[in-house]
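A, B, ... follow the sequence lines: proteins, then strands. Residue 1 opens every chain.
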Protein chains: 2
Amino acid sequence: MTETRPADSFPAPEHDHSECIESALAAAEETCRRRGLRFTPIRRRVLELIWQNHEPVGAYHLLDQLSRDGRRAMPPTVYRALEFLVEAGLVHRLATLNAFVGCAHPDHAHQGQFLICRDCRRVVEMESARVGHSLRREAEALGFSVEEQSIELTGLCPDCSQAH
Amino acid sequence: MTETRPADSFPAPEHDHSECIESALAAAEETCRRRGLRFTPIRRRVLELIWQNHEPVGAYHLLDQLSRDGRRAMPPTVYRALEFLVEAGLVHRLATLNAFVGCAHPDHAHQGQFLICRDCRRVVEMESARVGHSLRREAEALGFSVEEQSIELTGLCPDCSQAH
DNA sequence: GCGGGGACTGTTATATTATACCACCGCGCG
DNA sequence: CGCGCGGTGGTATAATATAACAGTCCCCGC
């Protein structure tokens with residue numbers, strides 16, 4: 001059994017978030033360049049909006065913000081950008097929230113496990129090899145071949161847990 | 001580490017499904033009686049419709065079928081019944097499909113792991129203690145306290161896998 | 001240059017899923 | 001009786017997502 005990768009933990013409340021945004025954009029730029037994908041202004045802007053914080057964002061919220069840019073954006077515009085970003089592994093969709101969150105490890109293919117705080121709504125992405133392997137092994141024992149996985153845990157993050 | 005419970009596997013294509021329906025209804029009756037919950041005609045009928053097969057059903061599909069009963073059902077009627085059934089542990093909601101499936105083990109509280117065939121759409125509920133524990137342990141290592149979990153694997157069931 | 005094709009975006013319309021809110025009813029109980 | 005509460009009926013609307021088609025831009029081959 002491989003070891004769990006060093007997982008991110010919940011970011012300190014007052015960390016320098018502009019750095020998160022910048023590094024996410026830079027990583028996206030790099031990923032797209034390497035893979036010959038087009039990181040157009042809309043896609044870039046949507047990714048930037050998603051990274052405004054560590055909370056998941058709904059498509060229509062993004063739409064509002066795009067409109068505030070002056071752009072008269074319609075739903076398909078946002079959904080197309082989101083589809084691209086998800087395909088490219090730059091963003092994850094959280095099925096339990098119908099919302100999107102920036103990917104913490106865009107450098108390699110993966111489908112992580114998400115910890116969602118029901119209080120402050122922040123999300124952290126774990127990537128436990130142990131969990132992934134157990135699941136796959138048990139599914140295969142039933143003859144099932146796994147293609148996609150969606151694992152989302154809801155609860156309280158350390159900070160909110162402490163604040164009761 | 002506790003052992004995985006004996007998991008259900010995918011039902012044979014031609015099993016006697018009326019038996020599934022009947023046993024699900026009987027178990028529901030019993031569960032509600034024991035816990036002082038009201039298993040009203042609408043709730044019973046919705047559960048029966050959900051058990052028509054082993055595929056997840058959308059709320060509006062249930063609504064159509066209720067209407068065909070002669071009942072002029074409106075969305076809140078169905079959603080209220082579904083809310084009750086989910087709370088009572090008789091039905092699970094699949095977040096990745098926005099759909100509902102009968103619970104295979106209504107006798108005890110649990111949140112399982114779902115295997116969803118993307119071809120025939122059948123669903124099987126695993127209940128792996130190993131996976132549950134690993135997840136919880138790794139989340140807690142990050143200071144996160146888990147309250148709900150949603151684990152859904154999409155892929156091919158044995159039958160569809162064989163049929164390529 | 002210029003024409004064809006593909007990827008991206010704009011726009012309209014609509015589908016799908018879910019909830020807010022208020023009225024009514026039946027029933028147990030003080 | 002009158003009250004409250006859980007369940008249901010019904011209207012309206014919110015929130016999420018996609019279909020379908022037209023226009024634009026740019027690369028690329030000729």
Side-chain angles (χ1 to χ4, degrees), chain A residues 28-29 31-33 35-50 55-88 90-101 116 121 150 152, chain B residues 28-29 32-33 35-47 49-50 55-88 90-101 116 121 150 152:
Chain A
E29 199 104 49
T31 298
C32 291
R33 201 188 50 63
R35 294 194 277 179
L37 302 175
R38 294 174 54 186
F39 196 46
T40 66
I42 293 183
R43 293 168 178 177
R44 181 188 184 88
R45 181 64 177 137
V46 168
L47 184 60
E48 189 181 6
L49 289 170
I50 287 176
E55 302 172 26
V57 202
Y60 278 75
H61 182 71
L62 293 168
L63 197 50
D64 285 349
Q65 300 194 269
L66 282 181
S67 299
R68 230 164 278 150
D69 283 359
R71 205 186 272 288
R72 275 204 324 132
M74 294 303 187
T77 302
V78 170
Y79 280 101
R80 281 188 293 233
L82 288 169
E83 183 184 7
F84 170 87
L85 294 169
V86 169
E87 295 275 300
L90 301 171
V91 158
H92 294 287
R93 178 169 192 278
L94 298 179
T96 55
L97 298 177
N98 296 322
F100 301 82
V101 72
I116 305 168
R121 303 190 5 99
S150 157
E152 301 175 21
Chain B
E29 198 105 48
C32 291
R33 202 188 49 65
R35 294 195 279 181
L37 303 175
R38 294 175 53 186
F39 196 47
T40 66
I42 292 183
R43 293 167 180 179
R44 180 189 184 87
R45 180 63 176 139
V46 168
L47 184 60
L49 289 170
I50 287 176
E55 302 172 25
V57 201
Y60 279 74
H61 182 72
L62 292 168
L63 197 51
D64 286 348
Q65 300 194 267
L66 282 182
S67 298
R68 232 165 276 151
D69 282 357
R71 205 186 271 290
R72 276 205 321 134
M74 295 302 184
T77 301
V78 169
Y79 280 100
R80 281 188 293 234
L82 288 169
E83 184 185 7
F84 170 86
L85 294 169
V86 170
E87 294 275 299
L90 301 170
V91 158
H92 295 287
R93 177 169 192 279
L94 299 179
T96 54
L97 299 177
N98 296 322
F100 300 83
V101 72
I116 305 168
R121 304 191 2 99
S150 158
E152 302 175 21

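Looking only at side-chain heavy atoms (C-beta outward), A/L49 and A/V57 stay at 4.5 Å or farther from each other.
Atom CG in B/L62 sits about 14 Å away from atom C1' in C/dA18, given to the nearest Å. Separating the CZ atom of B/R38 from the C1' atom of D/dT8 is a distance of 10 Å, rounded to the nearest angstrom. With rounding to whole Å, A/D64 atom CG is found 13 Å from D/dA14 atom C1'. Between A/R93 atom CZ and D/dT16 atom P the separation is 10 Å, expressed in whole Å. For the pair A/R45 CZ and C/dT9 P, the interatomic distance rounds to 15 Å; values are reported in whole Å. D/dT18 atom C1' lies 14 Å from atom CG of A/L63, rounded to whole Å. For the pair A/N98 CG and C/dT16 C1', the computed distance is 11 Å after rounding to whole Å. The distance between atom CG of B/L66 and atom P of D/dG10, rounded to the nearest whole Å, is 13 Å.
In this structure, A/H61 and B/T40 both approach DNA chain D, and ranking their closest nucleotides by distance from the 5' end singles out B/T40. If B/Y60 and B/R43 are placed on DNA chain D by their nearest nucleotide, the residue sitting closer to the 5' end is B/R43.
The two residues B/F100 and B/L82 come nearest to each other via the heavy atoms CE1-CD1, 3.7 Å.
Between the side chain of B/E152 and the backbone N or O of B/A95, at least one donor-acceptor pair lies under 3.5 Å. Remark: side-chain polar atoms of A/R121 are paired, donor with acceptor, to backbone N or O of A/P56 under 3.5 angstrom.
In summary, A/R45 and A/E48 engage in a salt bridge, as defined by a charged side-chain N under 4.0 Å from a carboxylate O.
Atom CZ of B/R38 is separated from atom CZ of B/R44 by 15.5 Å, given to the nearest 0.5 angstrom.
Near DNA chain D, meaning a heavy atom under 4.0 Å from it, residues 71-84 of chain B has B/R71, B/R72, B/M74, B/P76, B/T77, B/R80 in order of number.
B/R35 CZ: more than 12 foreign heavy atoms inside a 6.0 Å radius.
The side chain of A/I42 lies closest to C/dT9 when the candidates are D/dA17, C/dT9, C/dA18.
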